[in-house]
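Okay, so here's the structure we're looking at.
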Amino acid sequence: MRLRLDSLLDELRDHPAAILAAIDADPMLLRRVSGDLVLANASKALYTPCEEHQLFAKGIVYRRDPLRLVSLPLIKIYNLGEREVTVADLDSLAAEPNVRLRFLRKMDGSLLQVFRDEGQVIFTTRGMIEGAPWKFNDSDEDRQPGFDYLAGAREMAARLHPPLLEDASILEGRTLLFEMIHHAAPKITDYGDRADLTLIACFDHRRFAYVAYDELCRIAESAGLTVVEA
């Protein structure tokens with residue numbers, strides 16, 4: 001079991017077809033198809049990853065024939081106690097050379113993925129992608145019957161952060177990850193009437209890596225986005 005993101009990303013970069021084939025065939029994963037884009041996410045039956053390829057299936061978007069990666073949101077991580085992961089394992093990572101820890105404020109919303117593909121800005125949650133049919137009971141984000149998460153996210157982006165939809169350079173070679181909070185789709189935390197998008201991560205496809213927090217802040221500032229506190 002590997003906990004280092006750089007090692008896992010190297011595996012996906014060097015062997016994308018094999019990993020995507022495993023994701024595409026896995027009966028424990030849910031898939032949504034929009035045109036020739038496929039989104040894969042864990043089903044309710046898959047509480048914690050059992051195979052390494054499942055670590056990548058937290059809303060990953062890819063194409064078939066041939067299999068190729070389109071967008072990568074966050075990678076699934078183990079909770080303490082799962083697969084015998086302990087505080088000591090995490091402490092050993094922190095003790096490695098040139099490691100700096102950042103603790104980001106945890107927000108109680110829905111993970112939103114935004115990327116550009118063939119000239120179009122695409123919005124997804126972990127389990128839904130624009131243009132694909134979905135059912136309320138298929139993923140843990142479909143908790144509010146009658147609320148369209150993706151339409152709500154696009155409306156907020158257009159109203160609060162229009163450059164995200166209008167400036168192609170913001171999403172050039174990037175997948176941006178947001179925490180979406182909306183008063184019509186509350187989770188456990190009561191945010192009142194709050195409805196917004198907060199940038200929490202960025203995957204840079206050119207470097208095949210997640211950007212560090214300082215760079216995330218620079219991206220947010222240049223694009224007029226709200227960034228997570230650290």
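One-based numbering along the sequence shown.
Of the possible polar contacts, one joining the Y191 side chain to the D108 backbone as a donor-acceptor pair under 3.5 Å is found. A donor-acceptor pair is defined here as one N or O able to donate and one able to accept, closer than 3.5 Å; no such pair exists between the side chain of D204 and the backbone of R174. Side chain of Q113 to backbone of G59: a donor-acceptor contact under 3.5 angstrom is found. Side-chain atoms of S7 do not come within 3.5 Å of backbone N or O of R4 as any donor-acceptor pair. Listed for the D167 side chain is no donor-acceptor partner under 3.5 Å among the backbone atoms of L164. No donor-acceptor pair closer than 3.5 Å links the side chain of E221 to the backbone N or O of C217. Remark: side-chain polar atoms of R116 are paired, donor with acceptor, to backbone N or O of G119 under 3.5 angstrom. In this structure, the side chain of T175 does not engage the main chain of F203 through any donor-acceptor pair within 3.5 Å. Within the 3.5 Å criterion, the main-chain N or O of L111 finds no donor-acceptor partner in the side chain of E179. E11 contributes no side-chain N or O that, together with a main-chain N or O of L8, makes up a donor-acceptor pair within less than 3.5 Å.
Taking the charged nitrogens against the carboxylate oxygens, D65 and R63 have no contact shorter than 4.0 Å, which rules out a salt bridge. One finds a salt bridge joining R207 and E215 here, because a Lys/Arg side-chain nitrogen approaches an Asp/Glu carboxylate oxygen to under 4.0 Å. Here E172 does not pair with R206 in a salt bridge; the nearest charged N to carboxylate O distance is not below 4.0 Å. Look at D24 and R64 and you find a salt bridge, because one of the NZ, NE, NH1 or NH2 atoms lies within 4.0 Å of a carboxylate O, short of that distance.
Shown here is E96, whose CD atom has more than 12 heavy atoms of other residues, nucleotides or ligands within 6.0 Å. R159 CZ: more than 12 foreign heavy atoms inside a 6.0 Å radius.
When all heavy atoms are compared, the tightest approach of L20 to L69 is CD1-N, 3.5 Å. The shortest heavy-atom contact between L39 and T125 is CD1-O, 3.6 Å. Here the closest heavy-atom approach between residue V114 and residue L171 is recorded as O-CD2, 3.7 Å. Across A45 and M28, no two heavy atoms sit closer than the pair O-CE, 3.4 Å. Heavy-atom minimum distance, L177 versus L72: CD2-O, 4.4 Å. Here the shortest heavy-atom pairing between F56 and I60 reads O-CB, 3.3 Å.
One distance of note links CD1 of I170 with SG of C202; it measures 11.5 Å at 0.5 Å rounding. In this structure, R31 CZ and D26 CG are separated by 6.5 Å, a value rounded to the nearest 0.5 Å. The CG atom of L165 sits 11.0 Å away from the CD atom of Q120 when rounded to the nearest 0.5 Å. With rounding to the nearest 0.5 angstrom, the CG atom of L12 is 10.0 Å from the CD atom of E52. For the atom pair CZ of F115 and OG1 of T124, the computed distance is 6.5 Å after rounding to the nearest 0.5 Å. A distance of 9.0 Å separates CD1 of I200 from CG of L216, quoted to the nearest 0.5 Å.
Between L29 and I23 there is a side-chain heavy-atom pair separated by less than 4.5 Å. Counting heavy atoms from C-beta on, the side chains of T198 and I181 never come closer than 4.5 Å. You'll find the side chain of D196 stays beyond 4.5 Å of the side chain of M180, heavy atoms only. Contact of the R32 side chain with the V38 side chain is not registered, since no non-hydrogen atoms from C-beta on lie closer than 4.5 Å. In this structure the side chain of Y149 reaches within 4.5 angstrom of the side chain of M128, judged on heavy atoms. Here the side chains of R100 and D214 are in contact, with some heavy-atom distance below 4.5 Å.
Note on ring orientation: taking the six-membered ring where Trp is involved, the planes of F147 and H182 are tilted (angle from 30° to 60°).
In the hydrophobic clustering of ILVMFWY residues, with side-chain heavy atoms under 4.5 Å counting as a link, L90 and L74 come out together. Note: the hydrophobic cluster containing V99 also contains F103 (ILVMFWY, side chain heavy atoms under 4.5 Å, direct or indirect links).
Counting only N and O atoms by type, the side chains of D89 and S92 include no donor and acceptor under 3.5 Å apart.
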